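Here is the structure we will look at.
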Amino acid sequence: MLRYKFLLFDLDDTIFDFQMSEQLALSQLFQDLKIPLTPTLRQRYHHFNQQLWQMYERSEITRDELLLARFPLFFKKMGLPLHGQNPGQIYRKALAAGHQLLPGALGMLRDLSKAYRIFAVTNGIAQTQRERLGAAEIAGYFDDVFISEEIGHQKPKKAFFDYVFNHIPKFDAKKTIVIGDSLTSDILGGVNAKVDTVWFNPNFLPNRTKISPVYQISAPDQLKKLLLASE
């Protein structure tokens, strides 16, 4: 008998290869702006963007502040010209076109969907995420997609998960597990919501927080073995 019934998947860096999508979108942006994209600029943007999303998770900035201020702030910080262009719009359009999946993600979704009800839970931008799900042809594996922009709350807030739980028919918290790559968003969110969690950690990063996932995996096949072994 299955221990779980409801699987709540993060999308970026859990299903989608967001690092690759980000690199391609950033390359497209700098190409359109005719500014050389050096490895240093790429690394600094990645770090800067991560900081902003973590501030959003902690409710220190709003979604609109993140999206509107992200590139103007970064370009000002780096001393780069914008010339009246809208870098955020260019970037998001390129990002929506990037729907590369992590190795093994498609097979994992295909196999798990035969035994479980699968849902997406993401802090990403609604239009971007829905376009990527469609382009990658994986939307059909999800019973529903829950996006912070549409809900009005973001992970790891309990209010985000309360909304999700209230919109899943015949929901049972004891039969639910959250799977994601972010300790401070996905795993903490699961802890706050009092459901089990799986930390997807393909790079074997050390856990320097007090956030404790129930399980830790480094590849999609490990999740299949973990969940399907309970049949």
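This one's a predicted model, so the numbers in the text were calculated from it and none came from an experiment. Only this structure's heavy atoms are used, side chains among them; waters, hydrogens and symmetry mates stay out.
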With side-chain contact (heavy atoms from CB on, under 4.5 Å) as the criterion, how do Trp199 and Asp186 come out once you've worked through the C-alpha distance, each side chain's angles and the decisive distance to 0.1 Å? CA-CA 8 Å; Trp199 182 29; Asp186 308 309; over 6 Å; no
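- Classified by interplanar angle (parallel below 30°, tilted 30° to 60°, perpendicular above 60°), the ring pair His167/Tyr163 is parallel.
- At least one donor-acceptor pair closer than 3.5 Å links the side chain of Asn207 to the backbone N or O of Ile211.
- Put simply, the side chain of Asp10 never gets that close to the backbone of Thr122: no donor and acceptor are under 3.5 Å apart.
- Residues Arg3 and Asp196 are in side-chain contact: their nearest non-hydrogen atoms beyond the backbone lie under 4.5 Å apart.
- Side-chain atoms of Arg42 come within 3.5 Å of backbone N or O of Gln23 as a donor-acceptor pair.
- Inspection of the Ser27 and Gln31 side chains reveals no N or O donor paired with an N or O acceptor under 3.5 Å.
- Taking the side chain as every heavy atom from C-beta outward, Tyr141 and Leu106 approach each other to under 4.5 Å.
- In this structure, CG on Leu188 lies 8.5 Å from OG1 on Thr209, to the nearest 0.5 angstrom.
- Atom CE of Met78 has more than 12 neighbouring heavy atoms from other residues, nucleotides or ligands inside a 6.0 Å radius.
- Atom OG1 of Thr14 sits about 10.5 Å away from atom CG of Asn201, to the nearest 0.5 Å.
- Within 6.0 Å of CD on Gln89 lie no more than 12 heavy atoms contributed by other residues, nucleotides or ligands.
- Side-chain contact between Leu80 and Leu41 is present, with at least one heavy-atom pair separated by less than 4.5 Å.
- Side-chain polar atoms of Ser59 and Lys157 form a donor-acceptor pair below 3.5 angstrom.
- Within 6.0 Å of the CD atom in Glu150, the count of heavy atoms belonging to other residues, nucleotides or ligands exceeds 12.
- Atom CD in Gln127 sits 11.0 Å away from atom NZ in Lys93 (nearest 0.5 Å).
- Judged by distance alone, the side chains of Tyr56 and Asn123 never bring a donor and an acceptor atom under 3.5 Å apart.
- Within the 4.5 Å cutoff, side-chain heavy atoms of Leu67 are placed close to those of Arg92.
- Side chain to side chain, Thr184 and Gln54 fail the donor-acceptor criterion of an N or O pair below 3.5 Å.
- Within the 4.5 Å cutoff, side-chain heavy atoms of Ile147 are placed close to those of Arg130.
- When the shell of 6.0 Å around CZ of Arg44 is examined, it contains 12 or fewer heavy atoms from other residues, nucleotides or ligands.
- Panel note: side chain Lys224, backbone Asp111; no donor-acceptor pair is recorded below 3.5 Å.
- Looking only at side-chain heavy atoms (C-beta outward), Leu7 and Leu227 come within less than 4.5 Å of each other.
- A distance-only check finds a donor-acceptor pair linking the side chain of Thr197 to the backbone of Val214 [under 3.5 Å].
- Taking each heavy atom of Ser182 and Glu57 in turn, the nearest pair found is OG-OE2, 4.3 Å.
- Looking only at side-chain heavy atoms (C-beta outward), Thr176 and Phe161 stay at 4.5 Å or farther from each other.
- How far CG of Asn49 is from CH2 of Trp53: 7.5 Å, rounded to the nearest 0.5 Å.
- Aromatic pair Phe30/Phe71: ring centres not closer than 6.0 Å.
- A pairwise comparison of heavy atoms in Ile187 and Val198 identifies CD1-O, 3.4 Å as the closest pair.
- In this structure a side-chain-to-backbone donor-acceptor pair under 3.5 Å is missing from Ser148 to Gln154.
- Using the six-membered ring where Trp is involved, Phe6 and Phe171 have ring planes that are tilted, between 30° and 60° apart.
- Classified by interplanar angle (parallel below 30°, tilted 30° to 60°, perpendicular above 60°), the ring pair Phe74/Phe48 is tilted.
- Counting non-hydrogen atoms of other residues, nucleotides and ligands closer than 6.0 Å to CD of Gln51 gives a total above 12.
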Evaluate the side-chain contact (heavy atoms from CB on, under 4.5 Å) criterion for residues Tyr116 and Ile177: first the C-alpha distance (whole Å), next the side-chain angles of each, then the deciding distance (0.1 Å), finally the verdict. CA-CA 11 Å; Tyr116 294 91; Ile177 193 162; over 6 Å; no
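- Counting heavy atoms of neighbouring residues, nucleotides and ligands inside a 6.0 Å radius, atom CD of Glu137 does not exceed 12 of them.
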